[in-house]
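Below, chain A is the first sequence line, B the second, and so on; all start at residue 1. The basis for the numbers below is simple: all heavy atoms, side chains too, and nothing from hydrogens, waters or symmetry mates.
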Amino acid sequence: MVGQRIALLLAVSLLGSGPVLPGSGPVFISTAHAATALATPHVVKIDSFAFKPAVITVKAGDAIEWQNDDPVPHTATSTSGGFDSGSIAAGAKWRYVAKKKGRFAYDCTFHPIMKGEIVVE
Amino acid sequence: MKTMPMALAAAFFAATIVAAHAQGGPNDAQIAAIVVTANQVDIDAGKLAESKGKHKDVKAFGKMMVTDHTGVNKSAKDLVKKLGVKPEDSPTAESLKKGGQENVAHLKTLKGDAFDKAYIEHEVAYHQQVLDAMDKTLIPSAQNAELKALLVKVRPAFVAHLEHAKKIQAELGA
């Protein structure tokens, strides 16, 4: 918990220190990967039973945040077993740091017609 | 009605929804009640499947119906409250409620594979008919932009459930 709090404070302080648009900001190029990941998560919205965007390309070490904007729970679950969010409640978020390079298909275990893919470069 | 196959009963409901609103669609207060009733009906059937279902996929599907339709209903109720709309009864909501009660009563008489088959068959027909009603009546009739947006937003839930139910139906060899 304390670690999370510090990480959050760090993220907030980084947010306050300059532009943090994904892919922008030379400020963060020299920053440790973990801090970059905290400061600039890639966001996948879960809306109307779909992952938006359905395919997201990130750099190894980047954080991806799934934000569930639906009124029902969903999951983001790798079909090859790499990651599994478990149930993401309505309105909740789940964050994952993508370390391994490759293409990773995932779906929602509750609603298997919902499909997405992460491309880690 | 009691011996009417469930798919036919659902088709009957669809005919009722069209006939009941032949002279202009339902108003927003009626749509609100129809949405809440449609969700509640499937929550009730889902609870039964969770406890009486034989196959684990059927039980899990029933549980998901309870979770999802409860979630959709919460957002519908929140919006209705925010808009200050008082849900209003209509022949469609009545018909839905009656159909739901008959379905549950019928399912209670069944056990094992027969229960699973009947439950899933009804779920396929029910979600298909609600989708038809949404596309033909509810979404086009909704006047309030937020109500219309909510219907559009939750529509994919019914598509996902329909596809899922069809998959289970195929697995059961029904």
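The shortest heavy-atom contact between A/Ile113 and B/Ala160 is CD1-CA, 3.5 Å. Listed here is the closest heavy atom pair of A/Pro71 and B/Ser75: CB-OG, 3.6 Å.
Residues B/Val72 and A/Val72 are in side-chain contact: their nearest non-hydrogen atoms beyond the backbone lie under 4.5 Å apart.
If you chain together hydrophobic residues whose side chains sit under 4.5 Å apart, B/Leu79 and B/Phe158 fall into the same group. With hydrophobic clusters built from ILVMFWY side chains whose heavy atoms lie under 4.5 angstrom apart, B/Val36 does not share a cluster with B/Leu150.
Here A/Phe110 contributes atom CZ and B/Asp68 contributes atom CG; the two are 8.5 Å apart, rounded to the nearest 0.5 Å.
By the neighbour-count criterion of 12 heavy atoms within 6.0 Å, atom NZ of A/Lys99 is sparsely surrounded, having that number or fewer from other residues, nucleotides or ligands. Counting heavy-atom neighbours within 6.0 Å of B/Lys148 NZ, excluding the residue itself, gives a total above 12. Atom NZ of A/Lys45 has 12 or fewer neighbouring heavy atoms from other residues, nucleotides or ligands inside a 6.0 Å radius. Surrounding NZ of B/Lys52 are more than 12 heavy atoms belonging to other residues, nucleotides or ligands, all under 6.0 Å away.
Neither the backbone nor the side chain of B/His69 comes within less than 4.5 Å of any heavy atom in chain A. Both the backbone and the side chain of B/Lys153 have a heavy atom closer than 4.5 Å to some heavy atom of chain A.
Interface summary for chain A: among B/Arg155, B/Lys167, B/His164, the most heavy-atom pairs under 4.5 angstrom belong to B/His164.
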